[in-house]
2 protein chains.
Amino acid sequence: MASQVMSSGLFEKALACVGAAGSLSKHDVEALSTLNERVEVFSAGAQVQTARRERLRLVTSGWTYEARLLPDGRRQIFHYLLPGDLISARYGAGAARGSLIALTRLECAEIPPSLLSGAGGERTRLAEGLDRVLDSQMQRTYEAVLRLGQFTAQEGMANFLIDLRDRLTKVGLADRFSFRCPLTQEHLADTLGLSVIHVNRVLRQLRTEGLLVVKLGQVTFLDPNKMEMLAAGNPIE
Amino acid sequence: MASQVMSSGLFEKALACVGAAGSLSKHDVEALSTLNERVEVFSAGAQVQTARRERLRLVTSGWTYEARLLPDGRRQIFHYLLPGDLISARYGAGAARGSLIALTRLECAEIPPSLLSGAGGERTRLAEGLDRVLDSQMQRTYEAVLRLGQFTAQEGMANFLIDLRDRLTKVGLADRFSFRCPLTQEHLADTLGLSVIHVNRVLRQLRTEGLLVVKLGQVTFLDPNKMEMLAAGNPIE
DNA sequence: CGCGATTTTGAGCCATGTCAATCGGAGTGG
DNA sequence: CCACTCCGATTGACATGGCTCAAAATCGCG
């Protein structure tokens, strides 16, 4: 029952945080993940089924991506779900109609519908907070359109990596300068609409210019300022 | 009161249709547009304000697009809203955070919240139908990601034009072979992430191959089958 | 008829793709 | 501990799709 009290306190805190920003903080995720026993674990490479539209799951650990495969082998990765993101077949991510694949070992916790509506049937503050999270997931899809349609390869790479950094920072998995990253250059290619080889060239170029190092599953920004400028679609200098 | 009865009958019919497909049919649009007096008209080029998040408006006539402008002049058009589509700051389109511009004279009808929830606070069948419309609008955003990330210029052009045709067909504004289209090559360019000049070349090429004619605000498919193949990302032949 | 917007064309360049090969590190079995 | 293997990263040579610049042809409209 100690954990019961604990979890209740965290829940309140989570509510407060959820109310503020568009995504969940580390504390929110911890709080929500202790709320119930329905935790699922997927191993790297497993497909996460998203058939039942009512389920709402919170990613508490690990990376996932949703992708679609064309008959001739081309692949587009639509988005990545990180700790603090929600898996929902109904909203946001659900509309991509692709396969959801665990990139690493993945843990998620189901959020029972009972938490979303109060006694009188009205919506919980938690529900509104989660809505905001789904909103920001959707916004990222539009960012992807902008990136793919208008950005150069360098800008797109910067934009994507900075976005990952910012999201990971919210859940305590990154700082301004670096984060651990399980993506291969092939993932980057299929995300940014580039060939693997060109991804390699772009990374080398950014490295040569002293902006960035990608190595050993670790992304390091040597010059966060310039990277942020690039990521916003501004030329360097 | 005749119109009262009339509109009520259409409403029922609209409900039936809305329940079936992911988008509204011509009859749905007609029915819904007669439901209330709150009709707005924008002239071509006007900006449609989307500040109030609660409002839900149905496009009953004309074309709109939502776009974002980069500081250096690049522009990405995220999507077009056609008759039967919904304007919502909260869902789908709202997350793009761009400007919504009337491409032609535009008419839309507000859908009052009272129609969305029944007496007991439960959701109307209409509300569910409209949800499905918003869903399909979201799906199109993912299609755009796929198009921009993986398709060649020709495939992307075919995909986009076939999509327009299919949507316009649902509201009786197109048949299998052609539709009226107010887009300039510049709009196509900013939608597909190409330069205006390249759009022109791609169109010429499709014309030369006997697949398509774009002229006088009219798009005509000379070979709908091949266009549909191209639009799906399959090579010709 | 004349003007602005749009479309069309041509020439040349650059970003990005393809193909082919090498390299490097991680795991595996002997 | 070594040899092997596999996957991912890296590099080079070359092809090409798509972009830029510049200009002419057309269209829509007052």
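Keep in mind that the numbers below use all heavy atoms, side chains included, and drop hydrogens, waters and symmetry copies. Each chain gets a letter, A, B and so on, in the order its sequence line appears, and its residues count up from 1. This one's a predicted model, so the numbers in the text were calculated from it and none came from an experiment.
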Steps toward side-chain contact (heavy atoms from CB on, under 4.5 Å) verdict (L211(B), L222(B)): CA-CA 5 Å; L211(B) 298 182; L222(B) 301 177; 5.9 Å; no
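- With rounding to whole Å, L183(A) atom CG is found 12 Å from dG8(D) atom P.
- With sequence neighbours excluded, the residues forming a side chain to side chain donor-acceptor pair (under 3.5 Å) with T141(A) are Y142(B), listed by chain and number.
- Within residues 185-201 of chain A, the residues that place at least one heavy atom under 4.0 Å from DNA chain D are, in residue-number order, Q185(A), I197(A), N200(A), R201(A).
- For T184(B), the side chain to side chain donor-acceptor pair (under 3.5 Å) partners are H187(B), not counting sequence neighbours.
- A salt bridge (Lys or Arg N to Asp or Glu O under 4.0 Å) check over residues 148-160 of chain A, counting only residues at least two apart or in different chains, returns the pairs E155(A)-R74(B).
- Applying the side chain to side chain donor-acceptor pair (under 3.5 Å) test to Q47(A) and every residue at least two apart in sequence or in another chain returns nothing.
- Pairs engaging residues 184-200 of chain B under the salt bridge (Lys or Arg N to Asp or Glu O under 4.0 Å) rule: R75(B)-D190(B) [sequence neighbours left out].
- Two residues, F151(A) and R204(B), neighbour DNA chain C, and the one matched to the more 5' nucleotide by heavy-atom proximity is R204(B).
- Shown here are the side chain to side chain contact (heavy atoms under 4.5 Å, CB included) partners of N200(A), two or more places apart in sequence or in another chain: Q185(A).
- Within the structure, ring pair (Phe, Tyr, Trp, His ring centres under 6.0 Å) contacts touching residues 146-174 of chain B (residues at least two apart or in different chains) are Y80(B)-F160(B).
- Here the P atom of nucleotide dT11(D) and the CD atom of Q205(A) are 13 Å apart, to the nearest Å.
- For residues 196-218 of chain B, the set of pairs meeting the ring pair (Phe, Tyr, Trp, His ring centres under 6.0 Å) definition, not counting sequence neighbours, is empty.
- With sequence neighbours excluded, the residues satisfying side chain to side chain contact (heavy atoms under 4.5 Å, CB included) with Q49(A) are E40(A), F42(A), R55(A), R57(A).
- Running 5' to 3' along DNA chain C, contacts with non-hydrogen atoms of chain A at under 4.0 Å begin and end at dT16(C) to dA20(C).
- Rounded to 10 degrees, the angle separating the terminal axes of the helix from dC1(C)-dG30(D) to dG30(C)-dC1(D) is 40°, with each axis obtained from five end pairs.
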